[in-house]
Amino acid sequence: MAKLTVHDINLQGMRVLTRVDYNVPMAQQGGTMAINDDTRIRATLPTLQAMIKKGAKIILAAHLGRPKGVREPSMSLRPVADKLAELIDQPVAFCEQCVGDSVDQAVDKLEDGGLLLLENVRYHSEEVDNDPTFAEQLAAVADAYVNDAFGAAHRAHASTAGVAKVIDGRGGPCAAGLLMERELRFLGDELADPDRPFVVILGGAKVSDKIKVIDRLLEKADTILIGGAMAYTFMLAKGFSVGKSLVETNEVDTARAALDKASERNVQFLIPNDHIVATLVATDQLNNKGKPVTELKEHRASDSNNISEDVSGVDIGPETVAKFSEVISGAKTILWNGPMGIFEDSRFAKGTFGMAKTVSEATQNGAKSIIGGGDSVKALNMAGLDDQVTFMSTGGGASLEFLEGKELPGVASLTDK
Ligand code: ADP
Ligand code: MG
């Protein structure tokens, strides 16, 4: 069901508790914490600018890391307030608490169109417990609620779900931010009745992580292309040998069931027919957990369906790249989740980057391309093609759960249109 968005409501003079995803990567720099990547902060700017224009008093709530209910100084959101002020070119007040008297006072000082960032909500264990009293305390300073944190929407926490219940209970509007709205549109509405052919590319490490998504997409897609380590479990299900590749032997039956469902439903289901393989060799070094470090050496293309005994599959091979690319070129809608190989190592990134190139070309030719999954987004950024696709999701875990068809607590708690 469609949810209210910030565009639908009058916010003039209203105190709006706004949940954002400011869980940004940080590192120590000269004794203070510095932000390494401000993508998530930038992603909220359209919502904030729209709310400023509407004259809202904006109270931002967010989490950073996992402080587990204690005030961990390295996980303070203070550096984010400074960064946001710089990006939005207006002052951002910061409150060292997220509930209580000091928040009341800071909110009292807010002017229409003003911004206030509250301290890390996870400094209180009640946040993760979705404690109703804590949700009441968060809601105490707000007339309305906006959720723009798609990346945290799969969690039923006080600031993502509980607080909306309180504000909604008082008759206050609970709306999606513009980033949230885009996520729901591309991962939801656009895929509900996609233009065909609808081609799904799935990869990554594990079948078990993605089987629910595969199962659901088997009811929608015209073609499913499988790469990554996940492909080897499907190869086992088809009776091929996989050598020392990463596999989940306890998922072979699940993979077989998916293959059967594909043939029943006439869904074209392709697995790689050639591979890049490498030899796993032990070194005499230990990692920081005391485990022996191994290296992948002597990589080469193996043009047979079967992977020989002594090697591991690390990427899809050139023939598979060509075959998958041909299918993708004919697509009208493309959904991609999960890399085709160990793309973090440039020797094994050709498959993933090959798909990235083909998907971006198909997009320039009019196809709609939607990318979900944290590592897939990272791979597109590495390939420099992040602006050549229709949509990249900002929510790794949340996008996967949404594609599984699960109701996300952070979305369910918003007001229906
Ligand atoms: P996403 O975050 O896009 O959903 P996943 O987390 O499921 O993707 O999978 C990404 C990981 O899968 C990457 O770290 C990558 O190195 C790994 N991977 C892909 N192919 C292989 C392979 N053949 N062998 C081992 N690991 C692989
Ligand atoms: Mg991942």
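Order of appearance sets the numbers: ligands from 1, and atoms from 1 within every ligand.
Taking atom 15 (C) of ligand 1 as the reference point, the nearest protein heavy-atom neighbour is E344 OE1, 3.6 Å. The shortest contact between atom 21 (C) of ligand 1 and any protein heavy atom is with A229 N, 3.5 Å. Looking at atom 27 (C) of ligand 1, its nearest protein heavy atom turns out to be I342 CG1, 3.7 Å.
Remark: side-chain polar atoms of T18 are not paired, donor with acceptor, to backbone N or O of V146 under 3.5 angstrom. E119 places a side-chain N or O within 3.5 Å of a backbone atom of L77 that can act as its donor or acceptor partner. Checked by atom type and distance alone, the side chain of S241 never pairs as donor or acceptor with a backbone atom of G243 at under 3.5 Å. Distance alone, capped at 3.5 Å, places no donor-acceptor pair between the T333 side chain and the F198 backbone. Judged by distance alone, with hydrogens and angles left aside, the side-chain atoms of D38 form no donor-acceptor pair with the main-chain N or O of I41 at under 3.5 Å.
In this structure, Y232 has a heavy atom closer than 4.0 Å to ligand 1. Residue contacts with ligand 1 leave out K206, since none of its heavy atoms falls under 4.0 Å from the ligand. Look at G338 and you'll find a heavy atom under 4.0 Å from some atom of ligand 1.
Salt bridge K165/D168: absent, no basic N to carboxylate O contact under 4.0 Å. Look at K350 and D315 and you find no salt bridge, because none of the NZ, NE, NH1 or NH2 atoms lies under 4.0 Å from a carboxylate O.
Within the listing of ligand 1, atoms 1 (P), 3 (O) sit less than 4.0 angstrom from a heavy atom of S376. Residue L246 approaches ligand 1 through these ligand atoms, each under 4.0 Å from one of its heavy atoms: 25 (C). Against a heavy-atom cut-off of under 4.0 Å, A205 is close to the following atoms of ligand 1: 7 (O), 9 (O), 12 (O). Residue contact check: V314 has heavy atoms under 4.0 Å from atoms 23 (N) of ligand 1.
Of the polar atoms of P339, none of the N or O atoms is found under 3.5 Å from an N or O of ligand 1, judged by distance alone. The shortest N or O to N or O distance between K210 and ligand 1 is under 3.5 Å.
The name of the N, O or S atom in D375 nearest to the Mg ion (ligand 2) is OD2.
Under a cut-off of 6.0 angstrom, the local environment of CD in E407 is sparse, with at most 12 non-hydrogen atoms contributed by other residues, nucleotides or ligands.
The proximity of D375 to ligand 1, defined as any non-hydrogen pair under 4.0 Å, involves the side chain as well as the backbone. Under 4.0 angstrom from ligand 1, the non-hydrogen atoms of N337 all belong to its side chain.
Ring centroids of F269 and F234 are separated by less than 6.0 Å, placing the two rings close together.
Looking at P272, G228, S393, G341, it is G341 that brings a heavy atom closest to atom 18 (N) of ligand 1.
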**OP:** Could you please spell out the steps behind the side chain to side chain contact (heavy atoms under 4.5 Å, CB included) verdict for L45 and L87?
**Re:** CA-CA 8 Å; L45 295 180; L87 293 173; 4.2 Å; yes
